[in-house]
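Below is one structure, written out as structure tokens; the observations come after it.
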Amino acid sequence: MTDSATQFVSPLTFQALSGHPVHHELLNAEVENAMGHISLARWADILLIAPATANCIAKCSHGLADDLLSTLYLAANCPVYIVPAMNQAMWNKAVTQENIQKLQRHGVVMIGPEAGSQACGETGFGRMTEPEAIVDAIIGYSNPLLAGLKILITAGPTREALDPVRYITNRSSGKMGYALAQAAALAGAEVTLISGPVQLAVPDKVLCIQIESAAQMYEAVMANISNQAVFIGAAAVADYSPMQVQAGKIKKQGAQIAINLQKTPDILASVANLPHPPFTVGFAAETHDLEAYAKHKLAAKNLDMIAANWVGQAEGGFDSHENALQVFWQDQQKSLPMMAKTDLAQQLLALIAQRFHEKNTI
Ligand code: C5P
């Protein structure tokens with residue numbers, strides 16, 4: 001417990017209700033030895049901080065260690081899960097988001113926050129994930145169905161060069177693909193990530209191959225696809241690329257200019273149609289007729305599963321922290337409601353792992 005936590009509930013109450021010892025002081029020679037925080041950090045299999053305030057997150061992201069909890073975080077070598085809980089404006093503040101991203105770059109897994117009405121009377125993202133859902137998330141991250149599985153994931157946008165200084169691209173941030181890679185690696189899968197240019201750090205224990213264009217992504221996928229059990233095409237691959245890349249910078253001309261584009265190779269369909277394809281999962285980002293387009297792609301590209309999401313809406317989709325997915329396979333479907341992409345990744349992977357094993361035991 002932090003000092004603030006003890007203002008809400010006394011350590012004695014917490015101890016009586018939980019039936020477990022409660023630690024809250026960094027240096028208390030009477031109760032524990034002076035190095036108690038180090039032995040606590042070594043003892044733990046995981047460190048879960050719930051609820052984590054904006055202050056606690058800021059301290060962890062800056063390496064401050066002025067109380068037991070922040071010191072534990074610094075001393076811990078085990079997987080760390082943080083469950084944010086704060087006012088929606090504090091959550092949306094740029095500095096909080098920077099702190100969150102920094103912790104994620106350092107391998108910390110975020111669970112939530114959820115959207116809804118808050119203790120302060122406001123509505124938005126910042127509610128702590130319910131305790132049962134936190135437990136489910138942690139169990140999901142150690143999903144034994146994923147352990148040892150070889151998974152190839154594409155993520156991010158591609159860049160299609162027009163000339164040495166310009167390119168065509170899209171709004172993909174890569175967050176979904178990177179969240180999938182992180183969740184799969186945490187569960188013990190052997191993950192290769194083929195990524196377009198993004199502002200994200202490669203998750204721990206993930207082999208990342210950086211590419212720029214759709215053609216390069218195709219080459220990298222095909223060079224690494226053999227022996228993969230699962231392929232997830234989360235990248236927003238450009239559908240068309242300029243027919244010619246000009247050697248010099250294109251000069252300003254008349255009022256209009258035309259660029260001829262040609263279709264890029266469909267990486268997902270190419271993988272799904274290999275003689276011995278892995279379990280192949282595609283994404284479908286749509287502005288309309290989501291279900292019809294997703295089901296059509298599932299069949300037309302010969303996929304095992306497709307995860308469809310709306311784009312161009314007020315919330316979710318490209319470049320957003322959260323998203324909702326409608327997942328289709330065979331003649332079945334499942335809705336994964338609006339939630340943090342990190343949580344969504346874990347739930348989608350659980351579904352993929354379950355279907356993969358069902359398919360391979362038939
Ligand atoms: O057909 P559409 O582009 O909407 O399909 C989206 C899915 O196909 C995504 O999973 C995306 O990664 C994949 N894709 C691909 N290669 C392309 C275009 C899309 O792998 N050239």
Side-chain angles (χ1 to χ4, degrees), residues 151-161 167-181 184 191-198 200 208-225 228 230-243 261-274 277-313 316-319 323-329 336 341 344-345 348-349 351-352 355:
I151 305 185
L152 184 64
I153 301 173
T154 65
T158 62
R159 283 180 183 168
E160 310 305 322
Y167 51 78
I168 300 173
T169 190
N170 58 62
R171 292 183 190 279
S172 169
S173 64
K175 282 179 190 161
M176 192 67 223
Y178 274 62
L180 284 164
V191 185
T192 306
L193 180 64
I194 298 181
S195 173
V198 296
L200 301 170
C208 183
I209 301 167
Q210 317 265 1
I211 53 84
E212 287 226 338
S213 67
Q216 288 168 351
M217 185 173 270
Y218 176 85
E219 293 301 325
V221 167
M222 289 307 160
N224 287 278
I225 198 68
Q228 297 289 344
V230 176
F231 174 75
I232 309 175
V237 188
D239 290 325
Y240 291 89
S241 67
M243 288 187 71
L261 303 171
Q262 63 188 354
K263 228 181 188 145
T264 56
D266 191 316
I267 302 166
L268 187 61
S270 307
V271 169
N273 290 291
L274 285 169
F279 188 89
T280 307
V281 184
F283 273 77
E286 307 292 349
T287 52
H288 58 283
D289 296 325
L290 184 89
E291 182 165 345
Y293 278 124
K295 283 182 170 168
H296 172 76
K297 274 176 208 173
L298 182 69
K301 298 197 192 197
N302 203 16
L303 308 178
D304 291 295
M305 187 180 271
I306 193 154
N309 67 286
W310 293 103
V311 282
Q313 312 269 314
F318 276 173
D319 204 21
N323 207 359
L325 291 175
Q326 191 73 26
V327 189
F328 301 90
W329 68 96
L336 301 176
K341 282 181 179 172
L344 202 55
L348 178 60
L349 274 172
L351 208 53
I352 292 171
R355 281 295 310 140

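In each ligand, atom 1 is the first atom listed, and ligand 1 is the first ligand listed.
- Taking the charged nitrogens against the carboxylate oxygens, K301 and D266 do have a contact shorter than 4.0 Å, which makes a salt bridge.
- Near ligand 1, heavy-atom contacts under 4.0 Å come from G233, A235, V237, A238, D239, T264, P265, D266, I267, L268, G282, F283, K297, K301.
- Residues Q228 and T192 have side chains in contact (heavy-atom distance under 4.5 Å, counting atoms from C-beta outward).
- In F279, the CZ atom is crowded: over 12 heavy atoms of neighbouring residues, nucleotides or ligands sit closer than 6.0 Å.
- For OH of Y218, the number of neighbouring non-hydrogen atoms (other residues, nucleotides, ligands) closer than 6.0 Å is 12 at most.
- In this structure, a donor-acceptor pair under 3.5 Å is present between the side chains of Y178 and S195.
- Note that CD1 of I194 and OG1 of T158 are 13.5 Å apart. Values are rounded to the nearest 0.5 Å.
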